[in-house]
Amino acid sequence: MQAVTIKDVARAAGVSSATASRVLSGNPATSTESRAKVEAAAAKLGFLPNAQARSLRSTKTDSIALLISDVRNPYFSDLAHAVEQHARSLGLVTFIGNADEDIAQQDDFLAAMLSRRVDGLLIVPQGLGEDSNKPSDMLQRVIDSPIPTVFVDRTVANAGIPSVTARSDEAMIHAVADLKAKGHERIAFLGGPKHASTASERQLAFAAALRQAGLRIDPQLHFTGDFKRSSGRAGAQWFSGHLQHPTAVIIADAPMALGAISYWQETGARIGEEFSVISFDEVDALLLHEPPIATISHDLEQMGRAALNALTALMRSEDTAAVQLTSHYSPRASVDTAPRLNLTTERNPRP
């Protein structure tokens, strides 16, 4: 049986061969109508876009792309630095994109990198659409393409893409145990968005740590943020006015922690005296705070190096397995003995 060609797909779709080629190679310079026609024709005829794409990508560009979630987040800035420096030592140029924790902005960057035909992609995926529960069309196109791709820090379930991530369960157990030893029983959690894999992993680790410590899991002590400073600030206000008077809080990432700290500074709240704080991600701003903030973190230099090693292995057509780093808990002065509250008297929420 004769193989289906791109001309056959173009003819069936009623478009030019050039348009069909652009659609099937992931070039964003095509209309929604043309993409729908070409993709439908390719599916009907049994055209193999991956094989075609391999033939189009016959030359190396000695470049890779890295998509991070938020360039303002010092955690991701440090990760990008680690990747770029290691890539440079291997003679690779790195294009760095900022998704701004936004799926549409992620997709624009991925489309641009596919059209540039970089040799590989390192992606901190924005994950699943909040409503569709599926990867975006562009992210799915990347997943289905032959371009070497590695997910970093976050993953997308059942995507079949190698990943380099970190587990926080053991570190969380140590963090909660430290709080319990200092008398804290009502521990709040400022979490991230449900469609980010790191947010889900950290929330599950928190619940498991509470169970192991013999503490009650209370959904009323969980605040859902979006990994941005503004939601951390909102979470701090929620925490300070909570009717259950939690005496400690664990915050799911550095930007949210910094937003929370800004609110507490403005209202005169005393971290480590009135309540205890632990944050994910060990960044300089948290360590320079007075008192320094206890953290749950992992080695970003190691993560960046492992991600690039996995990607270059794929670029050499070698198999690579998922890598899972281990986070650790670093106690600091932001964690102290739980204050004694008169719970019969309502504590006034801070303004």
Side-chain angles (χ1 to χ4, degrees), residues 67-76 79 98-106 123-136 139 151-159 161 163-173 175-176 187-211 217-236 238-239 246 248-260 277-283 286 293 295-298 300 303 322 324-327 329:
L67 177 73
I68 58 175
S69 289
D70 188 348
V71 70
R72 297 167 299 179
N73 184 340
Y75 171 92
F76 288 115
L79 176 61
N98 171 40
D100 199 32
E101 296 287 358
D102 180 76
I103 292 174
Q105 194 160 317
Q106 163 194 261
I123 302 174
V124 180
Q126 301 316 286
L128 308 177
E130 294 186 55
D131 299 322
S132 66
N133 201 37
K134 294 180 180 178
S136 66
L139 184 56
F151 287 155
V152 189
D153 186 65
R154 303 179 186 175
T155 62
V156 175
N158 304 315
I161 298 295
S163 62
V164 179
T165 57
R167 288 187 62 87
S168 60
D169 48 357
E170 288 188 23
M172 186 71 82
I173 287 170
V176 170
I187 305 170
F189 186 72
L190 304 190
K194 63 182 180 180
H195 57 280
S197 64
T198 44
S200 298
E201 190 271 338
R202 291 168 185 181
Q203 182 179 346
L204 290 172
F206 176 64
L210 289 179
R211 282 193 296 270
I217 298 172
D218 186 351
Q220 297 301 314
L221 291 177
H222 182 268
F223 177 90
T224 301
D226 62 4
F227 283 157
K228 294 185 179 181
R229 287 181 70 122
S230 58
S231 71
R233 184 180 179 85
W238 165 88
F239 173 85
V249 59
I250 297 178
I251 308 177
D253 86 330
M256 289 179 63
L258 294 173
V277 176
I278 298 171
S279 174
F280 274 81
D281 308 337
E282 186 163 297
V283 300
L286 296 178
I293 305 299
T295 57
I296 296 173
S297 64
H298 55 271
L300 289 173
M303 174 172 275
Q324 202 164 59
L325 307 180
T326 301
S327 297
Y329 169 58

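Because the structure is predicted, anything quoted here is derived from the model rather than measured.
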H222 and ring pair (Phe, Tyr, Trp, His ring centres under 6.0 Å): which single residue from F189, F206, F239, W238 fits? F189
Take a 6.0 Å sphere around CD of E170 and say whether it holds more than 12 heavy atoms from other residues, nucleotides or ligands. no
State the [atom1]-[atom2] distance between [X] and [Y], to the nearest 0.5 angstrom.
X	Y	atom1	atom2	result
I187	I217	CD1	CD1	11.5 Å
N73	K228	CG	NZ	11.5 Å
F151	S197	CZ	OG	9.5 Å

Do V277 and I293 pass the side-chain contact (heavy atoms from CB on, under 4.5 Å) test, and can you show the C-alpha distance, the side-chain angles, and the key distance before you say yes or no? CA-CA 7 Å; V277 176; I293 305 299; 4.2 Å; yes
Please determine whether salt bridge (charged side-chain N to carboxylate O under 4.0 Å, His left out) holds for the pair E101 and R154, giving the CA-CA distance in whole Å, both sets of side-chain angles, and the decisive distance to 0.1 Å. CA-CA 12 Å; E101 296 287 358; R154 303 179 186 175; 2.8 Å; yes
I'd like to check [X] versus [Y] (side-chain heavy atoms, cut-off strictly below 4.5 Å). Are they in contact?
X	Y	answer
D100	R72	yes
L139	P125	yes
S69	Q126	yes
V176	L210	yes
I251	I278	no
V156	I161	no
L190	I250	no
D153	T165	no

Could you tell me whether R167 and D169 have a side-chain N and a carboxylate O separated by less than 4.0 Å? yes
Taking atom types as modelled, is there a side-chain donor on D281 or S297 under 3.5 Å from an acceptor on the other? no
D70 and Y75: side chain donor to acceptor below 3.5 Å: no
Please report the closest heavy-atom contact between [X] and [Y], naming both atoms and the distance.
X	Y	value
P255	F227	CB-O, 3.7 Å
S231	F223	O-CE2, 3.4 Å
A99	Q105	O-CB, 3.3 Å
A199	G192	CB-C, 3.6 Å
N98	V71	OD1-N, 3.0 Å
A257	S279	CB-OG, 3.3 Å

Which of these, R202, E201, H298, sits in a side chain to side chain donor-acceptor pair (under 3.5 Å) with S168? E201
With sequence neighbours excluded, residues passing ring-ring contact (aromatic ring centres under 6.0 Å, His included) with Y329: none
Let's go through K194 and T224 carefully: what are the C-alpha distance in whole Å and the side-chain angles of both, what is the deciding distance for side-chain contact (heavy atoms from CB on, under 4.5 Å) to 0.1 Å, and is it a yes or a no? CA-CA 8 Å; K194 63 182 180 180; T224 301; 5.9 Å; no
Could you walk me through whether I68 and V152 pass the side-chain contact (heavy atoms from CB on, under 4.5 Å) check? CA-CA 9 Å; I68 58 175; V152 189; over 6 Å; no
